[in-house]
Amino acid sequence: MNNEAAPLNFIEHIIEEDLTKGYKKDQLCFRFPPEPNGYLHIGHASSICLNFGLGERYNAPVNLRFDDTNPAKEEQEFVDAIKRDISWLGYEWATECYASDYFQQLYDWAVQLIKNGKAYVDSQTSEAIAEQKGTPNTPGKPSPFRNRSVEENLDLLEKMKNGETKEGEHVLRAKVNMESPNMLMRDPVMYRTINKNHHRTGTDWKIFPMYDWTHGESDYIEQVSHSFCTLEFLPHRELYDWFLDQVYDSEKLRPKQREFARRNLSHTVVSKRKLAQLVSAGVVNGWDDPRMPTISGLRRRGYTPDSIKNFADSIGVGKRENLIDVSHLEFNVREDLNKIAPRIMVVLDPVKLIIDNYPEGKTEMLEAENNQEDESAGYREVPFTKELLIERDDFLEEANRKFFRLTIGKEVRLKNAYIIKGESVVKDADGNITEIHCSYDPDSKSGSGSEASLRKVKGTLHWVSAEHALPVEVRLYDRLFTEASPDTNKEKDFMEFINPDSLQVITGYAEPSVKDSKIEDKFQFQRLGYFVVDKDSTSQKLIFNRTVPLRDSWSKLAE
RNA sequence: UGGCCCAUGGUGUAACUGGCAACACGUCUGUUUUUGGUACAGAAGAGUCUAGGUUCGAGCCCUAGUGGGCCAACCA
């Protein structure tokens, strides 16, 4: 009925196995837990698709939980952006949660830990604590404060909480094992004092819980069954379980953490910290710059939610290091846009084409199909006149037989219009072509059904009437980095690999039908690529971002 | 000098409890086409890091080696 034999990924195998070992299907619960300290990127999109995809597959709730335990880095702006991005992708979270909602519960549990002799206040400097922690190769040493009395610990924690102590003066540490081979188990810090305004709790709390103390307990509070995170948290699992042991009530569901490899995309960086660096250094114009691999950047670039979700599904999840080529992402946008984007004609690098035997002053309105992949897309009209604009590289005075475009003496089709034959060129003093003259076959009108119109010619060009052309700004984007993996070079910083030509702004000449386009409208500029109307557009000037060029087997031949 | 994780065509993933390695992207050929796009048909490309072991039989299990990654923030 439901099992389509679609291969399961290892995460799904884990769930299926748990289902056969006692977990009930209605106990399944997942979560996506971003820290609101930056915008979501394509890597998060994979995680979102994984977690929300599981929610859909198992009909289980998926919570959106903001891991907001560090007021020094987090802001409401990011909370809003994250919610916007997830919604745009088309997912609905079951409950909007905040780790900060659990501060009191966490505090109460911390008190309990102290009473059980499982936590203590350390009053050393962070340097001293780091020193005693040892290294991966050498065991740590116990803090001199490790055996403070329960009363003193309770009293100090209370003072920390009330803001009666200074930042950095004391921390609360779990009493685990200073000799553990796992550094995270060497009495990890649970609370530190931060005198900053928190975006939700304001100044109510002076102490803030650390990630490890917060995450698993939050999962437990929400009764999340499976807590999926990236591989770098694998060593945290032991601590996750240890903390859970301290508060776990066997009547309740016990969450489990499992890890998958983060997805790396070629020619970009997938790290909030590095993306923030690109923003603050002014390399890009904000988190939603169309060159950014952020969800909002991809959106502005013209990607669709489906294209991103299909991408995430198709690359799957694994546990090994990976570098996914951007061509994979690009395939997914093209596939989606091909089905839905109306086609229009826009000339990006114009040269004038004059039809010598076409009547002066005449304007014909020709019918053009909006999308041959979608009959319901209908038709539009485009004006045709004696003077047109075509792409410079669609003409060559003389060319070999592999060149399917306009040359002197050869015929080509003008898309949706007539068959023309190259006659002559006019050049300026420097030898640049300023005008191409041609003749047209009046009987060859597209769609007329005449014998002449059915004639096969070697190529078809897009064009626009010079008189009617609408000048538009076109932003041609290219990959942000010249290296496939800019941030894994041992010698050089990733900032050294920034592609200086990642953005080229030009003026294009569009057919007049686009005039009333709205922001985020997507088009295929025929024979060129997919473009989207940018939010910087005004009623005076349309601005298009190039999402991705069409696949181009000619450029390889031409090389 | 430690602990843990990982290792399948160029890239990313599959291969249920061991039974002659599959899918997608990319690449290359053709066909169709008023987009050198799309669609369709087809091809090449790995014998599963290495060496042992268990087994009638191993990509799947075991051991060792090699290679890569992670771990010493009062970040998440």
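Per chain, numbering begins at 1; letters A, B, ... match sequence-line order. Heavy-atom basis, side chains included; hydrogens, waters and symmetry copies ignored.
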- With heavy atoms under 4.0 Å as the rule, sort A:Gly447 into base, sugar-phosphate or nothing. base

- Item | Interatomic distance where CD1 belongs to A:Ile390 and C1' belongs to B:G36 [whole Å] | 16 Å

- Excluding sequence neighbours, so at least two apart, what forms side chain to side chain contact (heavy atoms under 4.5 Å, CB included) with A:Met185? A:Val176, A:Ser180, A:Asn182, A:Glu238, A:Leu239, A:Trp242

- Item | Pairing residues for A:Ser376 by the side-chain hydrogen bond (donor to acceptor under 3.5 Å, both in side chains) criterion, not counting sequence neighbours | A:Asp374

- Just compare B:G26, B:G36, B:G37 and give me whichever is closest to any side-chain atom of A:Phe331. B:G26

- Assess the pair A:Tyr440 and A:Tyr418: is the distance between their ring centroids shorter than 6.0 Å? yes

- Message: Just to be sure I understand the rule, does A:Glu321 reach a base, reach only the sugar-phosphate, or reach nothing, if contact means heavy atoms closer than 4.0 Å?
- Response: sugar-phosphate

- Query: With no hydrogens and no angle check, do the side chains of A:Arg479 and A:Thr268 hold a donor and an acceptor under 3.5 Å apart?
  - Reply: no

- Base, backbone or nothing for each nucleotide of nucleotides 15-22 of chain B, written B, S, -, heavy atoms under 4.0 angstrom, 5' to 3'? S-------

- Message: Looking at the base of B:U33, is there any donor atom on it, or on the side chain of A:Gln372, that sits under 3.5 Å from an acceptor on the other one?
- Response: no

- Item | Inter-nucleotide C1' distance (B:A64, B:U17), Å rounded | 27 Å

- Taking CG from A:Asp552 and P from B:G26, how many angstroms apart are they, rounded to a whole number? 14 Å

- Item | Whichever of A:Lys490 and A:Phe404 has its nearest RNA chain B nucleotide further upstream toward 5' | A:Phe404

- Message: It should be established whether A:Arg551 places a side-chain nitrogen or oxygen under 4.0 Å from OP1 or OP2 of nucleotide B:U38.
- Response: yes

- When we call it a touch if two heavy atoms are under 4.0 Å apart, what does A:Leu231 touch: a base, just sugar-phosphate, or nothing? nothing

- Item | Distance, nearest 0.5 Å, that separates CG of A:Leu406 from CG of A:Asp394 | 8.5 Å

- Task: Name the nucleic acid region contacted by A:Phe10, choosing base, sugar-phosphate or nothing; use a 4.0 angstrom heavy-atom cut-off, strictly under.
- Result: sugar-phosphate

- Query: Looking across every strand, which nucleic acid part, if any, lies under 4.0 Å from A:Lys339 by heavy atom: base, sugar-phosphate, or nothing?
  - Reply: nothing

- Query: How is A:Leu461 classified with respect to the nucleic acid when contacts are heavy atoms under 4.0 Å: base, sugar-phosphate, or nothing?
  - Reply: nothing

- Task: With heavy atoms under 4.0 Å as the rule, sort A:Gln524 into base, sugar-phosphate or nothing.
- Result: base

- What is the distance, rounded to the nearest whole Å, between atom CG of A:Leu396 and atom C1' of B:G36? 15 Å

- Task: Kindly write out the residues that satisfy side-chain hydrogen bond (donor to acceptor under 3.5 Å, both in side chains) with A:His170, not counting sequence neighbours, or none if the list is empty.
- Result: A:Ser123

- Query: Under 3.5 Å, is there an N or O donor on one side and an acceptor on the other linking the side chain of A:Arg263 and the base of B:G12?
  - Reply: no

- Less than 4.0 Å between a side-chain N and a carboxylate O, is that true for A:Asp122 and A:Arg148? no

- Which comes earlier along RNA chain B counting from the 5' end, the contact point of A:Phe525 or that of A:Arg334, where each point is its nearest nucleotide? A:Arg334

- Ionic contact status for A:Asp441 with A:Lys421, cut-off 4.0 Å: no

- Message: For a quick check of understanding: with a heavy-atom distance under 4.0 Å over all strands, which category does A:Lys319 fall into, base, sugar-phosphate or nothing?
- Response: sugar-phosphate

- Task: Can you tell me which stems involve RNA chain B, if a stem is defined as three or more consecutive Watson-Crick or G-U wobble pairs, both distances under 3.5 Å?
- Result: B:2-7 with B:66-71, B:10-13 with B:22-25, B:27-31 with B:39-43, B:49-53 with B:61-65

- Query: How is A:Val457 classified with respect to the nucleic acid when contacts are heavy atoms under 4.0 Å: base, sugar-phosphate, or nothing?
  - Reply: nothing

- Quick one: sort the A:Tyr191 and A:Tyr107 rings into parallel, tilted or perpendicular, breaks at 30° and 60°. perpendicular

- Using atom P of each nucleotide, how far apart are B:C60 and B:U54 to the nearest Å? 15 Å

- B:G47: syn or anti, with syn meaning chi within 90° of zero? syn

- Basic-acidic side-chain contact under 4.0 Å: A:Lys319, A:Glu259: no

- Quick one, give me the B/S/- string for nucleotides 71-76 of chain B, reading 5' to 3', where B means a protein heavy atom under 4.0 Å from the base and S means that only happens at the primed atoms, P, OP1 or OP2. SB-BBB

- Item | Electrostatic pair A:Asp241:A:Lys256 at N-O distance under 4.0 angstrom | no

- Message: Using whole Å, what does the distance between atom P of nucleotide B:U38 and atom CG of A:Asn332 come to?
- Response: 14 Å

- Separation of the P atoms in B:A15 and B:C61, to the nearest angstrom: 12 Å

- Message: Please determine whether a side-chain nitrogen of the Lys or Arg among A:Arg380 and A:Glu511 lies less than 4.0 Å from a carboxylate oxygen of the Asp or Glu.
- Response: yes

- Item | P spacing across the pair B:G65 / B:G2, given as an integer number of angstrom | 11 Å

- Write down the distance between CG (A:Asn264) and C1' (B:G69), rounded to a whole number of angstrom. 11 Å

- Whole-Å P distance, B:C23 and B:C4: 38 Å

- Query: What integer distance in Å separates A:Asn371:CG from B:U33:C1'?
  - Reply: 14 Å

- Item | Nearest-angstrom distance from the residue atom NE2 of A:His328 to P of B:A24 | 11 Å

- Message: If you take the centroid of each ring, where Trp contributes its six-membered ring, are A:His236 and A:Tyr240 closer together than 6.0 Å?
- Response: no

- Task: Indicate, with yes or no, if the rings of A:His198 and A:Phe208 have centres closer together than 6.0 Å.
- Result: yes

- Message: Of the options B:U38, B:U35, B:A24, whose atoms approach the side-chain atoms of A:Asn338 most closely?
- Response: B:U38

- Message: Please report the distance, rounded to the nearest Å, between CG in A:Leu337 and C1' in B:U38.
- Response: 13 Å

